[in-house]
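What follows is a set of notes on a single structure, which appears directly below.
Naming: A, B, ... by sequence-line order, numbering from 1 per chain. For the numbers below, each heavy atom of this structure counts, side chains included, while hydrogens, waters and symmetry mates do not. Keep in mind the model is a prediction, meaning the values are calculated, not measured.
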Amino acid sequence: MPEGPTIIILKEAVQAFKGQKVLRAEGTTKKLDPALLNNRVITDFKSWGKHFLICFDTITVRIHFMLFGSYLINERKAAIPRLSLQFDDGELNLYACAVQLIEKPIDEVYDWTADVMSPAWDGNSAIRKLRENPAMLACDALLNQEIFAGVGNIIKNEVLFRIHVHPGNLVGNIPENKLAEMTEEAVNYSFDFLRWKKEFTLKKHWLAHTKKTCPRDHIPFHKEYMGKTNRRTFYCPVCQELYQDNEAP
DNA sequence: AGTAGTGTTCGGCC
DNA sequence: TGGCCGAACACTAC
């Protein structure tokens, strides 16, 4: 389900509920009492990376879909929703997600410049954070939500392939122009992901993720569980450059 | 039909 | 104190 672009699709899909009053809230979440939301008006839907934010007057409900989460709009399935919001003319059902109540103003909670899909995204800020973390691996850097909020494992693999950078590089050994490309393509690929996901053609467009062969060199991709995050990483050992002084994984 | 994975948090253990 | 690791969560596409 997740990765930032999917949350953008959800945010667009629920716009009709903006400004509406929650007639009844229920669900199995233990992080808040759903009744707390009864009769409250939704002032806005926002997102930060993979976080989906349901904003009320003074409080915000944070939804994170983790690996298996899902949602249905004006539909239900057999499972009992973690959180269900019912409106005059429809309902939003959220399954298998982490729910959290935010009582502080969200501008104090979130660094909007870190969200790759936000108009407030600031690539220079991301590059500065990368420079501050020279010992971080490239594959971990892209998954770091404080730097690239919204980037997930698919986007990580595709961005590193696009920019010809080996996932095992230490950030400190990657040339400046490549760090700039990394931040640019994190955004570009996220918007490509969004477009392809809407067209139901996302998988067809994968060049590296889950692939067996490099489309540039026609040699086998390496598949390794890499980095602190220990996530599936697909890369071409020929066209994705490993810069000097790196320890090959 | 079983397995692995678009993710994060938490607690235990050095 | 803190970093690392595995478990938990809970669904579904392949």
Whole-Å distance between [N] [atom2] and [X] [atom1]?
X: A:Gln145; N: B:dT6; atom1: CD; atom2: C1'; answer: 11 Å
X: A:Ile154; N: B:dA4; atom1: CD1; atom2: P; answer: 18 Å
X: A:Met136; N: C:dG3; atom1: CE; atom2: P; answer: 12 Å
X: A:Asn230; N: B:dG5; atom1: CG; atom2: P; answer: 10 Å
X: A:Asp140; N: B:dT8; atom1: CG; atom2: P; answer: 13 Å
X: A:Asn157; N: B:dG5; atom1: CG; atom2: P; answer: 11 Å
X: A:His209; N: B:dG5; atom1: NE2; atom2: P; answer: 9 Å
X: A:Ile7; N: B:dT6; atom1: CD1; atom2: C1'; answer: 10 Å

NZ/NE/NH1/NH2 to OD/OE distance under 4.0 Å, A:Arg162 and A:Glu158 | no
With a 4.0 Å cut-off, would you call A:Arg131 and A:Glu176 a salt bridge?
-> yes
Aromatic contact, A:Tyr71 with A:Phe52 (centres under 6.0 Å) = no
Would one find a side-chain N or O of [X] under 4.0 angstrom from OP1 or OP2 of [N]?
X: A:His64; N: B:dG7; answer: no
X: A:Tyr225; N: B:dA4; answer: no
X: A:Lys50; N: B:dT6; answer: no
X: A:Arg231; N: B:dG5; answer: no

Please name the pair of heavy atoms, one in [X] and one in [Y], separated by the smallest distance, quoted to 0.1 Å.
X: A:Asp115; Y: A:Trp121; value: O-CB, 3.3 Å
X: A:Pro220; Y: A:Pro237; value: O-CD, 4.0 Å
X: A:Val41; Y: A:Gly19; value: CG1-O, 3.5 Å
X: A:Trp206; Y: A:Lys211; value: O-CE, 3.2 Å

Symbol by symbol from the 5' end, with Watson-Crick or G-U pairs under 3.5 Å, [ ] crossing and | another strand, DNA chain B is .||||.||||||||
Can you give one letter per nucleotide of nucleotides 8-14 of chain C, going 5' to 3': B for a protein heavy atom under 4.0 Å from the base, S for sugar-phosphate only, - for none?
-> --BBSSS
When rounded to the nearest Å, what value does the distance between C1' atoms of C:dC5 and B:dT6 take?
-> 23 Å
Taking the same atom, P, in C:dA10 and in B:dA1, what whole-Å distance lies between them?
-> 25 Å
Donor-acceptor side-chain pairing of A:Lys77 and A:Ser70 below 3.5 angstrom = yes
Heavy-atom check, side chain of A:Lys156 versus side chain of A:Arg231, under 4.5 Å | yes
Identify which one of A:Glu181, A:Glu241, A:Arg216, A:Gln240 satisfies the side chain to side chain donor-acceptor pair (under 3.5 Å) criterion when paired with A:His164.
-> A:Arg216
Hey, does A:Lys30 reach any base, or is it just sugar-phosphate, or nothing, if we go heavy atoms under 4.0 Å?
-> nothing
In terms of hydrophobic clustering (I, L, V, M, F, W, Y; side-chain heavy atoms under 4.5 Å; direct or indirect links), are A:Ile147 and A:Trp48 co-clustered?
-> no
Quick one: sort the A:His51 and A:Tyr110 rings into parallel, tilted or perpendicular, breaks at 30° and 60°.
-> perpendicular
Listed pairs, N/O of protein and of nucleotides 10-14 of chain B, under 3.5 Å:
none

